[in-house]
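As the structure lists them, so they are numbered: ligands from 1, and atoms in each ligand from 1.
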Amino acid sequence: MEPNAVSGGGFCMHLYSRKACSFKMALVAMKDLLDRAEEKKIAVGAFSVGNMEMILGAVKAAQEANTPIILQIAEVRLPYAPLEIIGPMMIAAAENASVDIAVHLDHGLRTETVAKALDIGFTSVMFDGSQMPLAENIATVKNVVNLASDYDATVEAELGVVGGNEGEGKAHEILCTNPADAIHFCDETGVDALAVAIGNAHGNYPKLPELRFDVLEEIHNAVKTPLVLHGGTGITPEMFRRCITLGVRKINIATASFDALASYAKAYCDNKEGKPNYFELSSCEVEGVYQNVKKHIEIFNMQ
Ligand code: 13P
(Lines give C-alpha, C1' and ligand atoms only; values in the text may rest on other atoms or scores of the structure.)
Protein backbone atom coordinates (compact mmCIF):
# COMPACT_ATOMS: atom_id res chain seq x y z
CA MET A 1 0.00 0.00 0.00
CA GLU A 2 1.47 3.41 -0.95
CA PRO A 3 2.23 5.96 1.80
CA ASN A 4 -0.89 8.08 1.37
CA ALA A 5 -3.32 5.21 1.90
CA VAL A 6 -4.64 3.70 5.10
CA SER A 7 -6.70 0.57 5.50
CA GLY A 8 -10.08 0.63 7.19
CA GLY A 9 -12.70 -2.10 7.34
CA GLY A 10 -11.09 -3.90 4.42
CA PHE A 11 -11.17 -1.09 1.86
CA CYS A 12 -8.53 1.35 0.72
CA MET A 13 -8.89 4.97 1.71
CA HIS A 14 -6.68 7.52 -0.03
CA LEU A 15 -6.10 10.50 2.15
CA TYR A 16 -4.76 12.97 -0.40
CA SER A 17 -5.12 11.48 -3.85
CA ARG A 18 -7.27 8.98 -5.69
CA LYS A 19 -4.70 8.70 -8.49
CA ALA A 20 -3.46 5.24 -7.64
CA CYS A 21 -6.65 3.77 -6.17
CA SER A 22 -7.46 0.44 -7.76
CA PHE A 23 -11.19 0.70 -6.88
CA LYS A 24 -13.63 2.55 -9.09
CA MET A 25 -15.51 5.53 -7.75
CA ALA A 26 -18.53 3.84 -6.21
CA LEU A 27 -20.72 6.74 -5.05
CA VAL A 28 -23.93 6.43 -7.06
CA ALA A 29 -27.41 7.93 -7.16
CA MET A 30 -30.00 5.97 -5.18
CA LYS A 31 -32.20 5.94 -8.32
CA ASP A 32 -29.62 3.70 -10.04
CA LEU A 33 -29.75 1.17 -7.21
CA LEU A 34 -33.56 1.20 -7.16
CA ASP A 35 -33.66 0.58 -10.93
CA ARG A 36 -31.24 -2.33 -10.58
CA ALA A 37 -33.29 -3.76 -7.70
CA GLU A 38 -36.43 -3.50 -9.85
CA GLU A 39 -34.74 -5.37 -12.70
CA LYS A 40 -33.69 -8.18 -10.37
CA LYS A 41 -36.90 -8.07 -8.29
CA ILE A 42 -34.92 -7.67 -5.08
CA ALA A 43 -34.57 -4.87 -2.52
CA VAL A 44 -31.55 -2.75 -1.71
CA GLY A 45 -30.70 -2.48 1.97
CA ALA A 46 -30.49 1.01 3.46
CA PHE A 47 -28.37 0.83 6.58
CA SER A 48 -28.38 3.63 9.13
CA VAL A 49 -25.07 4.71 10.59
CA GLY A 50 -24.09 6.90 13.52
CA ASN A 51 -20.29 6.68 13.67
CA MET A 52 -17.28 5.53 11.68
CA GLU A 53 -17.42 1.96 13.00
CA MET A 54 -20.98 1.58 11.70
CA ILE A 55 -19.90 2.82 8.27
CA LEU A 56 -16.95 0.39 8.21
CA GLY A 57 -19.11 -2.56 9.30
CA ALA A 58 -21.81 -1.89 6.69
CA VAL A 59 -19.31 -1.37 3.84
CA LYS A 60 -17.37 -4.48 4.80
CA ALA A 61 -20.56 -6.60 4.60
CA ALA A 62 -21.56 -5.04 1.26
CA GLN A 63 -18.12 -5.61 -0.27
CA GLU A 64 -17.97 -9.19 0.92
CA ALA A 65 -21.41 -9.90 -0.56
CA ASN A 66 -20.49 -7.87 -3.67
CA THR A 67 -23.81 -6.08 -3.25
CA PRO A 68 -24.65 -2.36 -3.51
CA ILE A 69 -26.11 -0.72 -0.41
CA ILE A 70 -27.39 2.63 0.78
CA LEU A 71 -25.64 4.31 3.74
CA GLN A 72 -28.04 6.65 5.50
CA ILE A 73 -28.40 8.90 8.51
CA ALA A 74 -31.61 10.46 9.82
CA GLU A 75 -31.88 14.13 10.76
CA VAL A 76 -32.73 13.24 14.40
CA ARG A 77 -29.34 11.51 14.72
CA LEU A 78 -27.37 14.62 13.76
CA PRO A 79 -26.96 15.96 17.33
CA TYR A 80 -24.83 12.81 17.93
CA ALA A 81 -23.06 12.80 14.55
CA PRO A 82 -23.02 16.25 12.89
CA LEU A 83 -23.81 16.17 9.16
CA GLU A 84 -20.68 18.16 8.20
CA ILE A 85 -18.52 15.51 9.90
CA ILE A 86 -20.27 12.19 9.32
CA GLY A 87 -21.55 13.17 5.85
CA PRO A 88 -18.10 13.48 4.22
CA MET A 89 -17.08 10.26 6.00
CA MET A 90 -20.06 8.39 4.47
CA ILE A 91 -19.25 9.81 1.04
CA ALA A 92 -15.55 8.89 1.32
CA ALA A 93 -16.54 5.35 2.34
CA ALA A 94 -18.77 5.08 -0.74
CA GLU A 95 -16.17 6.53 -3.10
CA ASN A 96 -13.53 4.11 -1.89
CA ALA A 97 -15.68 0.98 -1.77
CA SER A 98 -15.48 -1.81 -4.32
CA VAL A 99 -19.30 -1.90 -4.64
CA ASP A 100 -21.72 0.88 -5.59
CA ILE A 101 -23.11 2.82 -2.64
CA ALA A 102 -25.67 5.63 -2.42
CA VAL A 103 -25.44 8.10 0.47
CA HIS A 104 -28.86 9.16 1.72
CA LEU A 105 -30.36 11.60 4.23
CA ASP A 106 -33.07 9.64 6.06
CA HIS A 107 -36.15 11.44 7.46
CA GLY A 108 -35.12 14.98 6.55
CA LEU A 109 -37.42 17.23 8.55
CA ARG A 110 -36.31 20.67 7.39
CA THR A 111 -35.59 21.84 3.86
CA GLU A 112 -32.36 23.47 5.13
CA THR A 113 -31.04 20.08 6.27
CA VAL A 114 -31.91 18.56 2.90
CA ALA A 115 -30.08 21.43 1.14
CA LYS A 116 -27.03 20.98 3.39
CA ALA A 117 -26.90 17.21 2.68
CA LEU A 118 -27.08 17.88 -1.07
CA ASP A 119 -24.30 20.47 -0.83
CA ILE A 120 -22.11 17.99 1.05
CA GLY A 121 -22.60 15.49 -1.78
CA PHE A 122 -25.37 13.12 -0.63
CA THR A 123 -26.78 11.39 -3.70
CA SER A 124 -30.23 10.99 -2.19
CA VAL A 125 -32.51 12.71 0.33
CA MET A 126 -35.75 11.86 2.06
CA PHE A 127 -38.14 14.59 3.08
CA ASP A 128 -40.52 13.31 5.73
CA GLY A 129 -43.73 15.33 5.54
CA SER A 130 -45.82 12.45 6.92
CA GLN A 131 -46.99 14.59 9.85
CA MET A 132 -48.20 17.36 7.52
CA PRO A 133 -51.60 17.66 5.86
CA LEU A 134 -51.49 16.03 2.39
CA ALA A 135 -51.43 19.33 0.44
CA GLU A 136 -48.55 20.69 2.52
CA ASN A 137 -46.62 17.40 2.22
CA ILE A 138 -47.07 17.55 -1.58
CA ALA A 139 -46.02 21.22 -1.83
CA THR A 140 -42.91 20.72 0.33
CA VAL A 141 -41.84 17.53 -1.44
CA LYS A 142 -42.26 19.28 -4.81
CA ASN A 143 -39.79 21.93 -3.66
CA VAL A 144 -37.37 19.25 -2.52
CA VAL A 145 -37.67 17.45 -5.88
CA ASN A 146 -36.82 20.77 -7.61
CA LEU A 147 -33.88 21.38 -5.34
CA ALA A 148 -32.54 17.82 -5.71
CA SER A 149 -32.79 17.96 -9.52
CA ASP A 150 -29.96 20.54 -9.53
CA TYR A 151 -27.75 17.85 -7.98
CA ASP A 152 -29.10 14.85 -9.95
CA ALA A 153 -30.05 13.44 -6.58
CA THR A 154 -32.86 11.02 -5.74
CA VAL A 155 -35.83 11.98 -3.54
CA GLU A 156 -37.83 9.77 -1.19
CA ALA A 157 -40.98 10.90 0.61
CA GLU A 158 -43.42 9.32 3.07
CA LEU A 159 -47.17 9.07 2.89
CA GLY A 160 -49.29 7.74 5.72
CA VAL A 161 -47.50 7.44 9.06
CA VAL A 162 -44.93 4.78 9.95
CA GLY A 163 -45.31 3.97 13.65
CA GLY A 164 -42.81 4.39 16.48
CA ASN A 165 -40.19 7.08 16.21
CA GLU A 166 -36.87 7.41 14.39
CA GLY A 167 -35.20 8.92 17.46
CA GLU A 168 -36.22 9.44 21.05
CA GLY A 169 -39.45 11.49 20.83
CA LYS A 170 -43.05 10.36 21.30
CA ALA A 171 -44.09 7.34 19.21
CA HIS A 172 -46.26 8.12 16.18
CA GLU A 173 -49.58 6.33 15.72
CA ILE A 174 -49.58 4.11 12.61
CA LEU A 175 -51.72 5.48 9.78
CA CYS A 176 -51.78 3.20 6.73
CA THR A 177 -51.05 4.83 3.37
CA ASN A 178 -54.19 5.47 1.37
CA PRO A 179 -53.62 3.99 -2.13
CA ALA A 180 -55.68 6.74 -3.82
CA ASP A 181 -53.59 9.40 -2.07
CA ALA A 182 -50.45 7.55 -3.18
CA ILE A 183 -51.40 7.93 -6.86
CA HIS A 184 -52.13 11.63 -6.40
CA PHE A 185 -48.94 12.16 -4.34
CA CYS A 186 -46.62 10.43 -6.83
CA ASP A 187 -48.21 12.20 -9.83
CA GLU A 188 -48.00 15.63 -8.20
CA THR A 189 -44.52 15.41 -6.71
CA GLY A 190 -42.63 13.22 -9.21
CA VAL A 191 -40.87 11.66 -6.24
CA ASP A 192 -38.41 8.78 -6.97
CA ALA A 193 -39.28 6.52 -4.03
CA LEU A 194 -42.29 6.31 -1.75
CA ALA A 195 -42.10 5.17 1.89
CA VAL A 196 -45.35 3.42 2.75
CA ALA A 197 -47.07 2.82 6.07
CA ILE A 198 -48.53 -0.69 6.19
CA GLY A 199 -48.42 -1.43 9.92
CA ASN A 200 -44.62 -1.09 10.11
CA ALA A 201 -42.91 0.94 12.85
CA HIS A 202 -39.46 2.20 13.80
CA GLY A 203 -37.68 0.57 16.73
CA ASN A 204 -38.10 -2.89 18.28
CA TYR A 205 -41.63 -4.28 17.78
CA PRO A 206 -43.24 -5.34 21.08
CA LYS A 207 -44.73 -8.24 19.08
CA LEU A 208 -44.50 -9.33 15.45
CA PRO A 209 -46.36 -6.68 13.41
CA GLU A 210 -49.30 -7.61 11.24
CA LEU A 211 -48.28 -5.98 8.00
CA ARG A 212 -51.13 -4.97 5.67
CA PHE A 213 -50.00 -6.80 2.53
CA ASP A 214 -53.43 -6.04 1.02
CA VAL A 215 -52.72 -2.29 1.28
CA LEU A 216 -49.18 -2.77 -0.08
CA GLU A 217 -50.54 -4.71 -3.05
CA GLU A 218 -53.09 -1.98 -3.82
CA ILE A 219 -50.38 0.69 -3.73
CA HIS A 220 -48.04 -1.44 -5.85
CA ASN A 221 -50.76 -1.96 -8.46
CA ALA A 222 -51.59 1.75 -8.46
CA VAL A 223 -48.16 3.43 -8.72
CA LYS A 224 -44.96 2.73 -10.64
CA THR A 225 -42.77 4.47 -8.04
CA PRO A 226 -40.41 2.11 -6.16
CA LEU A 227 -41.70 1.52 -2.62
CA VAL A 228 -39.71 1.77 0.60
CA LEU A 229 -40.23 -0.22 3.78
CA HIS A 230 -39.18 1.58 6.96
CA GLY A 231 -38.99 -0.10 10.37
CA GLY A 232 -37.11 -3.16 9.11
CA THR A 233 -35.81 -4.25 12.52
CA GLY A 234 -37.68 -7.34 13.73
CA ILE A 235 -39.44 -8.16 10.46
CA THR A 236 -39.11 -11.82 9.50
CA PRO A 237 -37.34 -12.98 6.30
CA GLU A 238 -40.70 -14.29 5.00
CA MET A 239 -42.35 -10.91 5.53
CA PHE A 240 -39.45 -9.14 3.83
CA ARG A 241 -39.77 -11.50 0.88
CA ARG A 242 -43.48 -10.87 0.56
CA CYS A 243 -42.93 -7.10 0.67
CA ILE A 244 -40.31 -7.43 -2.07
CA THR A 245 -42.70 -9.37 -4.31
CA LEU A 246 -45.15 -6.48 -3.79
CA GLY A 247 -42.82 -3.74 -5.07
CA VAL A 248 -40.64 -2.84 -2.08
CA ARG A 249 -37.22 -1.96 -3.50
CA LYS A 250 -35.55 -0.30 -0.48
CA ILE A 251 -35.61 -1.59 3.08
CA ASN A 252 -34.40 0.48 6.03
CA ILE A 253 -32.55 -1.09 8.93
CA ALA A 254 -31.46 1.07 11.87
CA THR A 255 -32.28 -0.25 15.36
CA ALA A 256 -30.90 -3.75 14.68
CA SER A 257 -27.50 -2.23 13.79
CA PHE A 258 -27.45 0.15 16.76
CA ASP A 259 -28.41 -2.76 19.06
CA ALA A 260 -25.80 -5.09 17.52
CA LEU A 261 -23.07 -2.49 18.00
CA ALA A 262 -24.10 -1.90 21.64
CA SER A 263 -24.34 -5.58 22.52
CA TYR A 264 -21.01 -6.50 20.88
CA ALA A 265 -19.37 -3.61 22.76
CA LYS A 266 -20.99 -4.67 26.05
CA ALA A 267 -19.95 -8.31 25.61
CA TYR A 268 -16.39 -7.18 24.91
CA CYS A 269 -16.27 -4.98 28.04
CA ASP A 270 -17.97 -7.63 30.22
CA ASN A 271 -15.54 -10.35 29.13
CA LYS A 272 -12.35 -8.29 29.03
CA GLU A 273 -10.05 -9.00 31.89
CA GLY A 274 -8.50 -5.77 33.08
CA LYS A 275 -8.87 -2.46 31.28
CA PRO A 276 -10.86 -2.43 27.99
CA ASN A 277 -8.74 -1.48 25.01
CA TYR A 278 -10.16 1.25 22.75
CA PHE A 279 -8.98 -0.34 19.50
CA GLU A 280 -10.39 -3.76 20.40
CA LEU A 281 -13.65 -2.07 21.36
CA SER A 282 -13.76 -0.23 18.03
CA SER A 283 -13.22 -3.53 16.16
CA CYS A 284 -16.09 -5.12 18.13
CA GLU A 285 -18.40 -2.28 17.09
CA VAL A 286 -17.47 -2.80 13.43
CA GLU A 287 -18.04 -6.56 13.81
CA GLY A 288 -21.50 -6.16 15.39
CA VAL A 289 -22.75 -3.95 12.57
CA TYR A 290 -21.04 -6.11 9.93
CA GLN A 291 -22.86 -9.24 11.17
CA ASN A 292 -26.24 -7.51 11.17
CA VAL A 293 -25.83 -5.93 7.74
CA LYS A 294 -24.53 -9.20 6.25
CA LYS A 295 -27.60 -11.08 7.55
CA HIS A 296 -30.00 -8.55 6.02
CA ILE A 297 -28.17 -8.33 2.67
CA GLU A 298 -28.55 -12.12 2.29
CA ILE A 299 -32.33 -11.87 2.85
CA PHE A 300 -32.82 -8.87 0.55
CA ASN A 301 -30.81 -10.52 -2.26
CA MET A 302 -32.97 -13.66 -2.38
CA GLN A 303 -34.93 -14.01 -5.58
P1 13P B 1 -35.70 0.35 12.37
O2 13P B 1 -34.99 1.20 13.38
O3 13P B 1 -36.96 -0.22 12.93
O4 13P B 1 -34.83 -0.66 11.75
O5 13P B 1 -36.20 1.34 11.22
C6 13P B 1 -35.25 1.90 10.37
C7 13P B 1 -35.84 2.97 9.57
O8 13P B 1 -36.92 2.86 9.03
C9 13P B 1 -35.03 4.18 9.38
O10 13P B 1 -35.73 5.17 8.70
Side-chain angles (χ1 to χ4, degrees), residues 30 34 43-51 54-55 57-58 61 69-78 80-81 83 86 90 102-109 113-114 117 122 124-131 154-177 191-211 216 226-237 239-240 243-244 248-263 288-289 291-297 299-300:
M30 191 168 88
L34 296 175
V44 53
F47 298 100
S48 299
V49 294
N51 67 7
M54 296 190 79
I55 297 172
I69 57 165
I70 297 157
L71 284 177
Q72 62 181 17
I73 185 159
E75 181 163 347
V76 291
R77 308 293 184 196
L78 299 180
Y80 300 92
L83 194 56
I86 195 151
M90 293 161 75
V103 175
H104 175 72
L105 176 73
D106 188 28
H107 292 284
L109 301 169
T113 312
V114 167
F122 279 46
S124 177
V125 288
M126 174 190 189
F127 183 81
D128 178 357
S130 61
Q131 301 295 309
T154 308
V155 178
E156 174 184 336
E158 178 173 324
L159 194 61
V161 181
V162 171
N165 198 333
E166 174 70 38
E168 285 140 15
K170 192 168 150 275
H172 299 132
E173 282 292 315
I174 294 173
L175 177 66
C176 276
T177 308
V191 79
D192 302 296
L194 181 69
V196 292
I198 53 164
N200 47 326
H202 295 111
N204 287 303
Y205 293 98
K207 65 180 177 61
L208 199 60
E210 287 180 23
L211 296 185
L216 181 59
L227 305 178
V228 182
L229 183 74
H230 282 240
T233 296
I235 292 193
T236 64
M239 290 162 103
F240 280 134
C243 289
I244 293 169
V248 166
R249 296 289 166 250
K250 169 180 184 262
I251 300 178
N252 286 9
I253 303 290
T255 306
S257 286
F258 291 120
D259 286 355
L261 179 150
S263 64
V289 175
Q291 292 293 346
N292 180 55
V293 171
K294 179 180 148 134
K295 178 179 87 181
H296 284 95
I297 286 178
I299 300 168
F300 303 160

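His230 and Asn200 share no side-chain donor-acceptor pair at under 3.5 Å.
Within ligand 1, the atoms closer than 4.0 Å to a non-hydrogen atom of Gly231 are 1 (P), 3 (O), 5 (O), 6 (C), 7 (C), 8 (O), numbered from 1 in the order shown. With ligand atoms numbered from 1 in the order given, ligand 1 contributes 1 (P), 2 (O), 3 (O), 4 (O) to contacts under 4.0 Å with heavy atoms of Thr255. Heavy-atom proximity to Ala201, at under 4.0 Å, picks out these atoms of ligand 1: 3 (O). Residue Ile253 has at least one heavy-atom neighbour below 4.0 Å for each of these atoms of ligand 1: 4 (O). Each of the atoms 8 (O), 10 (O) of ligand 1 lies under 4.0 Å from some heavy atom of His230. The His107 neighbourhood of ligand 1 comprises atoms 10 (O), with distances under 4.0 Å to a heavy atom of that residue. For ligand 1 and Gly203, the ligand atoms under 4.0 Å from any heavy atom of the residue are 1 (P), 2 (O), 3 (O).
Under the 4.0 angstrom criterion for non-hydrogen atoms, Ala46 is not in contact with ligand 1.
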| task | Start with the C-alpha gap between Ile235 and Tyr205, add the side-chain angles, then the distance that decides, and say whether side chain to side chain contact (heavy atoms under 4.5 Å, CB included) holds. | result | CA-CA 9 Å; Ile235 292 193; Tyr205 293 98; 3.7 Å; yes
| Test side chain to side chain contact (heavy atoms under 4.5 Å, CB included) applied to Val162 and Ser130, step by step | CA-CA 8 Å; Val162 171; Ser130 61; over 6 Å; no
| Criterion side chain to side chain contact (heavy atoms under 4.5 Å, CB included) on Ile73 and Tyr80, from CA distance to verdict | CA-CA 11 Å; Ile73 185 159; Tyr80 300 92; over 6 Å; no
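Neither the backbone nor the side chain of Ala74 comes within contact range of ligand 1; no heavy atom lies under 4.0 Å.
The single protein non-hydrogen atom nearest to atom 9 (C) of ligand 1 is Glu166 OE1, 2.9 Å, given as residue, atom name and distance. Nearest protein heavy-atom contact of atom 1 (P) of ligand 1 is Thr233 OG1, 3.5 Å.
For atom 10 (O) of ligand 1, the nearest non-hydrogen atom from the set Val76, Asp106, Asn204, Ile73 comes from Asp106.
Among Asp128, Asn252, Thr113, the single residue meeting the side-chain hydrogen bond (donor to acceptor under 3.5 Å, both in side chains) criterion with His107 is Asp128.
Between Phe300 and Phe47, the ring planes lie parallel to each other; the angle is under 30°, not in the 30° to 60° tilted range.
Annotation: side chain of Ile299 is not in contact with side chain of Ile251 (no heavy-atom distance under 4.5 Å). Contact check for Ser124 versus Ile70: no side-chain heavy atoms found under the 4.5 Å cut-off.
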